[in-house]
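Report on the following structure.
Values below: all heavy atoms of this structure, side chains included; hydrogens, waters and symmetry mates excluded. Residue numbering restarts at 1 for every chain, and letters A, B, ... go by the order of the sequence lines.
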There are 2 protein chains.
Amino acid sequence: MLSQTVEYALRAMVYLASAEEEVCPVDEVAEGTKVPPSYLSKVLQNLNRAGLVQSKRGLQGGYHLSKDPTETTILDVVNAVEPIERIHTCPLELKSHGTNLCPLHRRLDSAMAEVERAFGTTTLQELITDPSPSVPLCDFPCPKRSTGAE
Amino acid sequence: MLSQTVEYALRAMVYLASAEEEVCPVDEVAEGTKVPPSYLSKVLQNLNRAGLVQSKRGLQGGYHLSKDPTETTILDVVNAVEPIERIHTCPLELKSHGTNLCPLHRRLDSAMAEVERAFGTTTLQELITDPSPSVPLCDFPCPKRSTGAE
DNA sequence: TTTAAATCGGACATTCTTATCCAATTTAAA
DNA sequence: TTTAAATTGGATAAGAATGTCCGATTTAAA
């Protein structure tokens, strides 16, 4: 139900969140998240345009989050890539329905609303420092890159 | 987030539910639901294979529900056309995760679970006889077809 | 028996999603 | 200053979703 692209974007964001202080090149993120590198490149460009990540070109360049992981929710990422479409008017465009939705579309929309709510209340920070100890984090390794000084 | 095909299938099922006693030809359903007739034809064929509707070929033929509207939920329709994919194992296939999900995928899956729950608890019957009077039904007209005896 | 209304299935067209590749550009380090 | 690492944007391609068309078949009614 969520697109592949959304899945990739979320993985990348979680990866970058767990690598907070560093700048990560696409190829590293791609390896850590098992996303096709050339496609991930496009996804990250979109996230950049959406203002969720920042890029640094050239040697020692790459991507990093533009905000603190506490400031970005799952919903922010989803909406940046493929917005959740709420149903505001009857898709049949029946004149008899103003802004009212028929029972079917009211149900569909409230399911979407519930998803929005759930995604909107979880930040990247919560994902990387998870309260439940029984379930391990995705072990995004985020290898500390050589800084040249070690 | 839901595909166009799911939307069409749900409209058609609601239409047929509100036309319960009759057999409706594709063109009639298509007009009532504003779905492209030739595409709806394919959708109804799928719903037929999934056992949700029955078809009757030839003159005076068409489609009708195979079960009582109280017996079919929104989820049944969705799953017949484009099943909601629950996340059972980490999509990254990390060996360190057995059947455990990382925090990200646990959240995504529980959102899917919530949608499943919501869709699974609403029947077609509930959609056509809606409790809330303030919001009108989609006025699927379902014209009573001439029976030749009137 | 003929005719017309219907579904059925296959072939096809179009558009969107997913994915790849490469030349151009930027930039830090050697 | 040169080099290599990196993003950027464009072109392109494969596949899936969406949509159309038509001949074959079925079936009730005239």
Side-chain angles (χ1 to χ4, degrees), chain A residues 1-12 16 19 22-31 33-50 52-66 78 80-83 85 91 145-150, chain B residues 1-12 16 19 22-31 33-50 52-66 78 80-83 85 91 145-150:
Chain A
M1 211 154 92
L2 295 173
S3 74
Q4 196 66 20
T5 306
V6 165
E7 164 78 24
Y8 290 165
L10 286 168
R11 284 190 211 172
L16 292 176
E22 301 274 359
V23 166
C24 306
V26 169
D27 285 342
E28 180 197 309
V29 179
E31 188 171 9
T33 58
K34 298 200 180 174
V35 174
S38 52
Y39 191 60
L40 182 60
S41 170
K42 299 299 185 191
V43 174
L44 283 167
Q45 282 174 41
N46 286 333
L47 291 173
N48 184 19
R49 292 188 194 104
L52 295 187
V53 303
Q54 286 188 328
S55 66
K56 194 182 164 204
R57 297 180 69 166
L59 226 179
Q60 296 288 93
Y63 288 94
H64 61 97
L65 298 185
S66 36
V78 171
V81 165
E82 188 191 69
E85 292 178 25
R145 279 161 300 296
S146 152
T147 59
E150 57 189 64
Chain B
M1 209 154 92
L2 294 174
S3 74
Q4 197 66 19
T5 306
V6 165
E7 164 78 24
Y8 291 165
L10 286 168
R11 284 190 210 171
L16 292 176
E22 302 273 359
V23 165
C24 306
V26 170
D27 285 343
E28 179 196 311
V29 180
E31 189 172 6
T33 58
K34 298 199 180 176
V35 174
S38 51
Y39 191 60
L40 181 61
S41 170
K42 299 299 183 190
V43 174
L44 283 168
Q45 281 175 41
N46 286 333
L47 292 173
N48 184 20
R49 292 188 194 102
L52 294 188
V53 303
Q54 286 189 329
S55 66
K56 193 181 166 205
R57 297 180 69 167
L59 227 180
Q60 298 287 94
Y63 289 93
H64 61 97
L65 297 186
S66 38
V78 170
V81 164
E82 187 191 69
E85 291 177 26
R145 277 160 303 294
S146 151
T147 59
E150 58 189 64

When we call it a touch if two heavy atoms are under 4.0 Å apart, what does Asn48(B) touch: a base, just sugar-phosphate, or nothing?
-> sugar-phosphate

Per-nucleotide protein contact string for nucleotides 20-30 of chain C, where B marks a base within reach and S marks sugar-phosphate only (heavy atoms under 4.0 Å, - for neither) | BB---BBBBS-

With a 4.0 Å limit, can you tell me whether [X] has a side-chain N or O closer than that to the phosphate oxygens OP1/OP2 of [N]?
X        : N       : result
Ser3(A)  : dT17(C) : no
Tyr8(A)  : dT18(C) : no
Tyr63(B) : dA6(C)  : no

Look through every strand shown and name the nucleotide pairing with dA30(D) as Watson-Crick or G-U wobble, where both distances are under 3.5 Å.
-> dT1(C)

Under a 3.5 Å cut-off for both distances, is dC22(D) Watson-Crick or wobble paired, and to whom?
-> dG9(C)

Calculate the interatomic distance between [X] atom [atom1] and [N] atom [atom2]; express it in whole Å.
X        : N       : atom1 : atom2 : result
Leu2(B)  : dT18(D) : CG    : C1'   : 16 Å
Glu82(B) : dA17(D) : CD    : P     : 7 Å
Gln45(A) : dA19(C) : CD    : P     : 16 Å
Asn46(B) : dG9(C)  : CG    : C1'   : 12 Å
Leu47(B) : dC8(C)  : CG    : P     : 11 Å
Asp27(B) : dA5(C)  : CG    : C1'   : 10 Å
Met1(A)  : dA17(D) : CE    : P     : 15 Å
Leu44(B) : dT18(D) : CG    : C1'   : 15 Å

Among the candidates dA19(C), dG19(D), dG9(D), find the nucleotide nearest to the side-chain atoms of Arg49(A).
-> dG9(D)

Looking only at non-hydrogen atoms, find the nearest pair between Ala19(B) and Cys24(B) and report the distance.
-> CB-SG, 3.7 Å

Taking all non-hydrogen atoms of both residues, which atom of Leu40(B) and which atom of Val26(B) are closest, and how far apart?
-> CD2-O, 4.0 Å

Side chain to side chain contact (heavy atoms under 4.5 Å, CB included) involving Glu31(A) - partner list, sequence neighbours excluded = none

Salt bridge (Lys or Arg N to Asp or Glu O under 4.0 Å) contacts in which one or both residues fall within residues 36-45 of chain B, not counting sequence neighbours = none

Are the side chain of Ser55(A) and the backbone N or O of Tyr63(A) linked by a donor-acceptor pair below 3.5 Å?
-> no

Between Arg11(B), Gln4(B), Lys34(B), which is the residue that forms a side chain to side chain contact (heavy atoms under 4.5 Å, CB included) with Pro91(A)?
-> Arg11(B)

Ranking Ser41(B) and Gln4(A) by the position along DNA chain C of their nearest nucleotide, the one closer to 5' is Ser41(B)

When rounded to the nearest 0.5 Å, the distance separating NE2 of His64(A) from CG of Asn48(A) is 9.0 Å

